[in-house]
Amino acid sequence: MHRFIRLSILLMGLFAASSSYSADVQLAPLTTADDLGPAIEQPIEFPHNRHAGLRNPNDPTNSDPLKGGMEINCLYCHTYARRDSVAGIPPIQKCIGCHQNIESVRETPRIKKLFEYWEAKKAIPWKKVHDLPDFVRFNHERHIKRFVFQQNRPVQEVCGACHGDVKTMTVARRQKSLAMGWCISCHEKDHPVTASGNGSLINAEGMPSSMGSLAANGVSIGSQAYWYGFKKPAANAAGAEVAKGPNDCSSCHY
Amino acid sequence: MDNNFDRRDFLKVLGWGGAAVALSGCGNTSVEDGKETVVSYVEAADYVMPGISVYFNSTCAQCDAGCSITGRVREGRVLKLEGNPDSVINRGKMCGLGQAGVQHHYNPDRVREPLLRTGSSGETITWDKAYALIAEKLNGVSGDQIDFLTGTVSGHLKALLGNYLETLSSKNHYVYEAISPAVQRAANLKSYGMEMPRYSINKAKVVLSFGADFLGAWVSPVHFSQQYAEFRKGVDGQRGVLVQVESKMTLTGANADRWLVVRPGTEGILALGIINALGVAGLSLPANVSALVNAYDKERVSKDTGVSTENLVKLAAMLKERSPSLVLLGSAAEGYEHGSQNAAAINLLNQVLGNVGKTVEASASVPFPQIAPTIGNTAGARIVNNRLASGQTKVLFTYGVNPVFTTPAEMGFKDNMAKAGFKVAFAHYLDETALQADLVLPLDSALEDWGTQVAEYQPDGVQISVQQPLMEKLHPNTRGMGDILLALLKQRNPETYNAFDDYYAYLRTALLKNKPQFADSGADDDVFWNGLLGSGIINVSGNLNKLSDKMAVDINLPAPVEKDSKYPFNLIPSVSAHLRDGRHTNQPWLQESPDPLTTIVWDSWVEIHPKKAAELGIVEGDILQVESKSGSIKAQAYLFPGIHPDAVSIPLGRGHEAMGRYAKGYGVNPFHILNRVFDRETGELAMHETMVSISKVGKRVIVVKDEGAAGGHQDGRRIALSVTSDQVDLSEEV
Amino acid sequence: MKDINEDIAWAKINTDVLRSLESPRKLYWVIVFGALAVFSVAVGCEVYQYNMGMGVANMDNPHVWGLYIATFIFWIGMSHSGTLLSAILHLMHADWRKPIYRFAEAMTTFSLMTAGLFVMVHLGRLWQFYYSLPYPNDRSLWPNFQSPLLWDAMAIFTYLSSSVIFLFVGMIPDLAICRDHLHAGWRKKLYTVLALGWEGTDRQWRNFRVTYLTIACFLIPLAVSVHSIVASDFAMSQQPGWHVTSFPPYFVAGALYSGCAAIITLFIILRYTFKFEEYMTLAILKKTVRLTFAIAMVWTYLNAVEFASVWYSHDIASKEVLIQKATGPYAIAWWGMIFCGSVVPLILAFKRFQTNIPVLLVTSLLLNLGMWLERWMIVAPTFSHGIYPWTWDHDQWPSWVQWGMVFGSFGWFTLLFMVFCKVFPSVSMYEVKEMVYHRTLASKKLEDSGMQESGKGAH
Amino acid sequence: MSVTNLLENWAEFRHTHPVDDVPHDPYKWAMSIDMDTCTGCNACSVACYAENNLPVVGKDRYEHGQAMHWMRIERYWPEDGREFPDQGAQFLPMMCQQCEAAPCETVCPVGATNHTADGLNSQAYNRCIGSRYCSANCPFKVRYFNWYDYPTTENVWPAEMTMQLNPDITLRGKGVMEKCTFCVQRIRAGERSVKNEGRILRDGEVQTACQQVCPTNAITFGNLVDPDSRVHQQWKAQRVELTVDEQEKDKEEGGSDLRGYRILEELRPYPSVMYLERVRESAI
């Protein structure tokens, strides 16, 4: 009997300790180790590293395909990302636009395949790599506008926050968990609110006068959304709560 | 919208982005990699961005009001129809019927291939074969033996149709609308000098409507609804007063300040009675009018119509005091043998009140008569029916009509149709008429087709509405009506018509030819054309008709008929805003959208006054047999307070025996039991003249409706509140 | 009449009880297979409903709750009797509970498990049930701690786990007996493990007593809170007929009531099936019946209080719901509840019926029917006659799927119960021995003092 | 969210209440519906079907009360026992009232329905487990449950009709509660686009589908905290306050001559929809 009681106390203690520890651990911030998704076979093995990878400093002409990239801006091909909720796959037209002038690789198997599609005027059946469930509405445009255009961060850093270091991959592969908690880990975090960021939203023209008092405070937090998963935002100097980003369920789910 | 890529690819693009709609709904909860395919464009049009909607202006083809619409298109699919704010007709607004246009387009029961009847079965054939067949069948048939029976047509389609008839040397184009204010048009022509003047509800302080359901299905409901909103806000700060006189409450009646129930058919008597009362109240009447209404003193009128003398006097006093007013007349007043007389009496009231020129104003007529609308009436079907019966018609073309469904069974249209040698139906669905045809040619939906439409009722100048495809064809083997006519014309007259590749080319050429009348003549053709497609409408000033105000006093109203003991009830076939004559019954939104007054869905019903029902021991849901001289139907009873106790009402539009999964087998068709009685002057079918008997068949069903067990009662709770105008201050409202 | 024959030898007790693990009457197997068949009806219904959607149960908007919730409350209520008999009466030293508390306790556990099933089948998205559990997850989400339904889930889980522990701890000495008396086989292994090395030493007995008492003390407030929380599901809402302050005690009373009635039923069945006539004596039955009668009257009183408070309140909507219950489409069920719940128990007041087994069996079943109707009448009429008149009383009658599930739940419960009785001693051997011993002592004492009295225990 | 965070902020749990705070900046979405101009034509209801992917459930399911109309038009008759309804019927468009202290929000076990900073009562479909407690506690009964898996039900969306579905909205499968969202997809799209421009939404930039289509402009929707918005001006002119359970004007002796009111206000859900009473002429 003694053993039984002792054992059970021990077990319960262990359970309580381990669960409270795990429950209290903050979610992984943006920079943590990657959560690699499965490798995906695409109709054309598209070399992201070759297109977006860094130039090889030892090879200014960039002639060796194995040793360096073209440093093409992500938004050059994924052009919808800054204007649209979806980033989009570039139309084949875009690939051809460049590749019809690049004779050096014209006869490689991948490019031949590309031209086959082009000549048949057939769309390439790409597989979707970052496929969120249908009830999640992620908006590329806002993220790009905010971080690239308003905060002047490097494009690859901004895209890489969710898509990982694509410039080192051939076919893209999911690098982050993309689970809701992972998204929240960012929205909870204290983003720097710059003058061109949240502040300007409030100071803009056309804003009704009665909202002037809000100008310094940023967007105020809602009443309960953070309870279901969001950290209560810190108050700023004026004592008002400042949101770090959209934090209602209905910002992403509707 | 010409695209270089295949339609299928175009549609598949919807697989893009998280924005796609997957039928799994909320099924999977985790991130999935590599399961779904994204198909990129081969070549992307500048304006197409996945995830972002583009809007194209076009024209609503659900009724003939000519509302201009804006279609929301995304990834090549039209998603939703919204109103075009630039249109003077609908000013950015829509009715439920119009919005259901997408369900006409996406309807799963559309005809997809040309169908040829061989004996009792049908087979799909190619278009070439279909055209060849038509040419073959027309061979050796004289023009006089070829009939076209269509619905209301306007715009360039009408012009093309006229040209085709000309090449066939046929003059037999009959335009048929089952529900059409044709009697009224004839009366208007006499009274005002034009068939359809402009009515300004918004300028009137009092609107007295004799059964005109201008908020529901009458003439141009979206336009009139907007006028009504202004009218309620008031002229000179005085809120407009609506008085509705009818035997069965319509949607407009339900919104009236005073709803006066009138004995069916006595609307004209009431109108003359009001004139009499106006005279008594001190309005000076012309001598001949005075002589006419002399006999219609309030006691007699009250006895004949069932409207109390008190109400009559009050109404006359208000009409006299609050000017201008407006008197409208609708199908309830005109659907009798003496419908024309009723209409004349009601128009006379407008004239006596001095409304002509104030709230009844001159309309503009279309400067291009070849595209002006040809308005349908019921006489069209009657004539064709007679011609079919007598064997005069050898080849019959039908377009936009369903006479087998919408004519009284007594007329025998279905059987007579069999007498024609060759029947061609241009159809979207296999409706009752198409089923009788020998050749069924599948039409493009209104959202895939080019065209122009000119509405009869024009609130401001003349608006020509342009119809353009909002997306690629859904089914590869359907054709636009214009394209078909063009192909047929090419058979007959290749020299002239081979110049046009398709109807689009024809339309563009025709419109560009008249460019000087539409825009700066100096404008570049492409700029003009793109601007036109962008706006979706062409506004021309039109020729203002001359309003006449000639009081006709040769009105001869029959005394109310005594009740026939065998058929004691007047049958009122009611017209709902959504289902009209039944051509849209297969649009599920409309089937499931409750009737505003009874909240019944998906079925027909017989409205009967609760008092009468109590007398006859009828309760809600009892299946009633409604029998007229010419037939009988069975439908569930619904106890409805807004109906004359001597009348029963059954809505039109349901009771299809064909037309696909959403229409077939739901409800009954009261068209079929209407008696073959016609207006004496115009020959229009007198839809309200049918007398019926009702009897319980001993079965009871649950009425499928939105209304709960409390009926229309609020049970003392403060839910829907009402206040009288003297208790409220509207002046400060925003 | 004595609660138990004082002359029973301890060895005979062991033999008699252990015999129930070996060879019950044929009826046992009839009941087990009958229960299995009945339960499979529920399984079939659930499979159908899971695949098709909740619509097949014929609920509607706004009538969104049906028999599932009503039957859920019913089963939760059933569970309370076990706690009453085993924990409350234990603390009150009413030793006549001893022969019957074990199966009452088992009844608690199994009816809770049945009730839990109803929560599950009620959910529109059963497969997402885990969203309602508070555990750290990769969505960073917690359930809504403000929702009575969440308290409910927590309370039931706590109650269930506590009851299982209580049942198990109370069985340890008996499991040791089983271990020692049975031949080798899977059962012996099972008992060996479950007996936790029970040797019956003084020290073990001391620890055992303390543990058992502690859990009993813990269980009583828990039992009261569980049904109070179930009552909160309704009382915390804003709906007429539900928003009643007296709901928690009313629910607890109803729970004890239905539980006691069920004990009578099972008492009679077990007594016959496992030939427990010597232990489950009519004297004990009589006491149980009296207890039931008392609770029935408490329930009737609380019912009257509820009606009165609604009737004299200014809440028109609630009053209308009450009138609707008595006169509307649910009138038969509502009057049935009044009859079965308040009139039928009057039979129990008559001494001659207090030991009449056929009458008691019928009565107890009627009482349970009444209590089930009570739960239905709490849930349903509010939906069909709520605050908003437009939505009143759409066509709503539970479909065969709902009825099938309700029906099948009895099979599930009976199955669990019967299997338990076959595998574990359903009469507590060591406590009956205690009882016999104490009774012997007591009667000796009484004899000594010359105040012979029968039928009453010494305590 | 960590346990620490949960415990630390325990006292703040849903503390916001319209009576105590003014949480709504810069937006509070609200509506007003003029029942004197509403004609009951059902255009709004159809627009809602078109915009929000509502399933047409068919006759049988409608009979069982399983219709999914987020916006329903109720039709009331006068209750004074007159033989004919000679002042017409009364129509009331009823949809989710987006209550500030919504009874549905507190009871959801998983928090699938909750309040947003801009004053909406949001519904996270995928969080919903289908307990239906929210509907049970809704005084207006405007929540609709997916009794069947409509996307896969025959003849609800045949293949062609799926092309009409609005990709901006999740298609709800079986077992999920849904209701009027004030067209949240339009609000969110509007908010995003003006954020890019660095300003806030002006009146009229976001319209709900029902408002957009209404032929008589009976529905006004907008930002209640924006003094330039029509909805704000209407509420102000009618002296209807969001944060009270009884309006000042109603406490005045003899009542007021204004016609704005909120339905079931006395239950204290603080609805965000103001109705304007129907007017009927007294002279006739």
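Letters go in sequence order (proteins before strands), and every chain restarts at 1.
Considering all non-hydrogen atoms of both residues, D:Y125 and A:Y254 come closest at CE1-C, 3.8 Å. The shortest non-hydrogen separation linking A:S250 to D:R188 is OG-NH2, 2.6 Å. For the residue pair A:R137 and D:T170, the shortest heavy atom distance occurs at NH2-N, 3.0 Å.
Heavy atoms of other residues, nucleotides or ligands lying less than 6.0 angstrom from NZ of D:K236 number 12 at most.
With hydrogens and angles disregarded, no donor-acceptor distance shorter than 3.5 Å links the side chain of D:R192 to the backbone of A:R142.
Contacts of D:Q185 with chain A are made by both backbone and side-chain atoms, with heavy-atom separations under 4.5 Å.
At a threshold of 4.5 Å between non-hydrogen side-chain atoms, the residues A:C249 and D:N114 count as touching.
Applying the side-chain contact (heavy atoms from CB on, under 4.5 Å) rule to A:Q42 yields the partners A:I40, A:W126, A:K127, A:V129, A:V171; only residues at least two apart in sequence or on another chain are considered.
Interatomic distance, A:N139 CG to D:E191 CD, rounded to the nearest 0.5 Å: 11.5 Å. The distance from the CD1 atom of A:I144 to the CG atom of D:N196 is 11.0 Å, given to the nearest 0.5 Å. Of the inter-residue distances, the one linking A:K145 atom NZ with D:K195 atom NZ reads 13.0 Å to the nearest 0.5 angstrom.
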